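Remember, predicted model here, so these are calculated numbers, not experimental data. Counting convention: from 1, in listed order, for ligands and their atoms alike.
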Amino acid sequence: MIHVTDVEPPGGSPYPVLCGNDLVAGLGTIWKPTWRRVALVADETTAALFGTDATGAMTALGAAVVSVVFPSGEASKTRATKEQIEDALLDAALDRTSCVVAVGGGVVLDVAGFVAATYMRGIDHVNVATTLLAQVDAAVGGKTAINVPRGKNLVGAFHHPRAVLLHTGALDALPDVELRNGLAEIVKHAVIADAALFDAVEQWAPVRASLRPPDDVVGRAVRVKTAIVARDDRDRGVRELLNFGHTVAHAIEHATDHAVPHGHAVAMGMVVEARVAVRAGAFPSADLERIVALFGTLGLPSVPTCTFGDARPFLGRDKKTEHGTLRCALPVGIGSAEADDHGRWARAVTDDELSQAWL
Ligand SMILES: NC(=O)c1ccc[n+]([C@@H]2O[C@H](COP(=O)([O-])OP(=O)(O)OC[C@H]3O[C@@H](n4cnc5c(N)ncnc54)[C@H](O)[C@@H]3O)[C@@H](O)[C@H]2O)c1
């Protein structure tokens, strides 16, 4: 596995991010001898695909491994799953020197990370990311959470992992819809901070053999996030930029009862929000055209699948809304963004601006 970067969060210890096909070698590289008891947390899909390799590697490294497995999918990101994992850790007598090794997509990483944040008031965890979305987004940055009946990610903690392995070989097994979810986030990272990454995706997309992006694209995309987290790991400033497209995306997801996959909603959201900026004279229309064309090549949509009227009731629920005013994180062109005079990275957007940009 190759070393992609070290994350240096202001509120935590530095940790390495490795990328590649060899999970066993990756675990060997980042292993700490103090991890004598380990919980391997996975969903049913990732346990079947990667459980044997991961358990074998950790056993060979001298650890006693307990496996905790739950059904795949967002419906498992619950208090009940957290309890199930905690009870398994207690039964296996994991202590403060133990480690939780999460193997999976964002669901597994979020819930396992939250367990690690609170078990014995906080123990080590390692993220082994097996979906593209987890690799470029959920695995780094230290946000952990579960969903509760009142909403997504409402209960959680900031708790950085000790190491992150981006298991890019795992992407060969990942369905195209999940690859597109990750590709939308890669394009988002490119637009907010890395024009060369945008160029690279633009060059790769028309000639690709599959939707699995090259490892250097994955590495570049994750470095956009780690650079932002290094400046703001608690969501107080520049991290808002990572929400580009998401004010609109979340509303579309709600309005369509989550029939639209997350990455598709993010693509629609980026186009609408960038068009708001174009109309305000703050984003080149040629850059918006490049984004729309790239989404077309990747099989991602650019036009919302619900009306502005259907989405409007859900727009105000976005976490960036302040005193009833909608706010969007808006870059100023492909690869660049600027804070306003008050150091804010998201700006107020009116209903009229959004409805005119909806198309
Ligand atoms: N903590 C963060 O900063 C952060 C950031 C972004 C998203 N998230 C969270 O991540 C979650 C979404 O993550 P996701 O898109 O990875 O979803 P997911 O974890 O549900 O994975 C998607 C599906 O792919 C399966 N899968 C995983 N790896 C596979 C592989 N290699 N081959 C075949 N199938 C595989 C899973 O079992 C699941 O069915 C959401 O809950 C979201 O809130 C968190």
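- In this structure, V69 is not a member of the same hydrophobic cluster as L49, with clusters built from ILVMFWY side-chain heavy atoms closer than 4.5 Å.
- Within ligand 1, counting atoms from 1 as listed, the ones closer than 4.0 Å to a heavy atom of D137 are 5 (C), 6 (C).
- For N153, every heavy-atom contact with ligand 1 shorter than 4.0 Å involves the side chain, none the backbone.
- Among all heavy-atom pairs drawn from F198 and A190, the shortest one is N-CB, 3.5 Å.
- Counting the atoms of ligand 1 from 1 in the order shown, those under 4.0 Å from a heavy atom of G105 are 16 (O), 19 (O).
- A ring-centre distance under 6.0 Å is not found for H250 and F314.
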Less than 3.5 Å apart, which donor and acceptor atoms pair up between the side chains of residues 275-287 and the rest of the protein, not counting sequence neighbours?
from, atom 1, to, atom 2, distance (Å)
R275, NH1, A357, O, 2.7
R279, NH2, Q356, OE1, 3.4
D287, OD2, I334, N, 2.9

Acceptor/donor pairs from residues 31-42 side chains to any protein atom, 3.5 angstrom cut, sequence neighbours excluded:
from, atom 1, to, atom 2, distance (Å)
W35, NE1, D124, OD2, 2.8
R37, NH1, A92, O, 3.3

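- Ring planes of H159 and H125: parallel class, angle under 30° (limits at 30 and 60°).
- Without hydrogens or angle criteria, T29 side chain to A25 main chain gives a donor-acceptor distance under 3.5 Å.
- Which of A138, G263, G141 comes nearest to atom 2 (C) of ligand 1 through a heavy atom is settled by distance: it is A138.
- Protein heavy atom at the shortest distance from atom 33 (C) of ligand 1 is A173 O, 3.2 Å.
- The residues R312 and D351 are annotated as salt-bridged, a charged nitrogen and a carboxylate oxygen being separated by less than 4.0 angstrom.
- Atoms of ligand 1 found under 4.0 Å from any heavy atom of T46 (numbered from 1 in listed order, with element): 27 (C), 28 (N).
- For atom 39 (O) of ligand 1, the closest non-hydrogen atom on the protein side is S72 CB, 3.7 Å.
- No hydrogens or angles considered: a donor-acceptor pair under 3.5 Å links the side chains of E185 and H246.
- The shortest N/O to N/O separation between V107 and ligand 1 falls below 3.5 Å.
- Among protein heavy atoms, the minimum distance from atom 21 (O) of ligand 1 is reached at T131 CG2, 3.6 Å.
- The protein non-hydrogen atom at the shortest distance from atom 28 (N) of ligand 1 is T130 OG1, 2.7 Å.
- Of the heavy atoms in K152, only side-chain atoms (C-beta onward) come closer than 4.0 Å to ligand 1.
- If you check which protein heavy atom lies closest to atom 37 (O) of ligand 1, you get D43 OD2, 2.7 Å.
- The L49 neighbourhood of ligand 1 comprises atoms 30 (C), 32 (N), 33 (C), with distances under 4.0 Å to a heavy atom of that residue.
- Not a single heavy atom of Q135 sits under 4.0 Å from any atom of ligand 1.
- Protein heavy atom nearest atom 25 (C) of ligand 1, with residue, atom name and distance: T45 CG2, 4.3 Å.
- There is no side-chain donor-acceptor pair under 3.5 Å between D137 and H189.
- In terms of protein heavy atoms, atom 17 (O) of ligand 1 is closest to G106 N, 4.1 Å.
- Contact annotation: L174 has at least one heavy atom less than 4.0 Å from an atom of ligand 1.
- Distances below 4.0 Å separate heavy atoms of K77 from the following atoms of ligand 1: 9 (C), 40 (C), 41 (O), 42 (C), 43 (O).
- Residue E178 approaches ligand 1 through these ligand atoms, each under 4.0 Å from one of its heavy atoms: 22 (C), 23 (C).
- No donor-acceptor pair under 3.5 Å is formed between the side chain of T247 and the backbone N or O of N243.
- Remark: the T350 side chain and the D352 side chain contain no N/O donor-acceptor pair separated by less than 3.5 Å.
- Considering only non-hydrogen protein atoms, atom 44 (C) of ligand 1 sits nearest to D110 OD2, 3.2 Å.
- Within ligand 1, counting atoms from 1 as listed, the ones closer than 4.0 Å to a heavy atom of F50 are 31 (N).
- Between the side chains of N153 and K143, no donor-acceptor pair of N or O atoms lies under 3.5 Å.
- Residue K225 has at least one heavy-atom neighbour below 4.0 Å for each of these atoms of ligand 1: 3 (O).
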D215 vs I2, side-chain contact (heavy atoms from CB on, under 4.5 Å): CA-CA, chis, key distance, verdict: CA-CA 10 Å; D215 281 8; I2 57 159; 5.6 Å; no

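- Using a 4.0 Å cut-off between heavy atoms, L133 contacts ligand 1 through its side chain alone, with no backbone atom that close.
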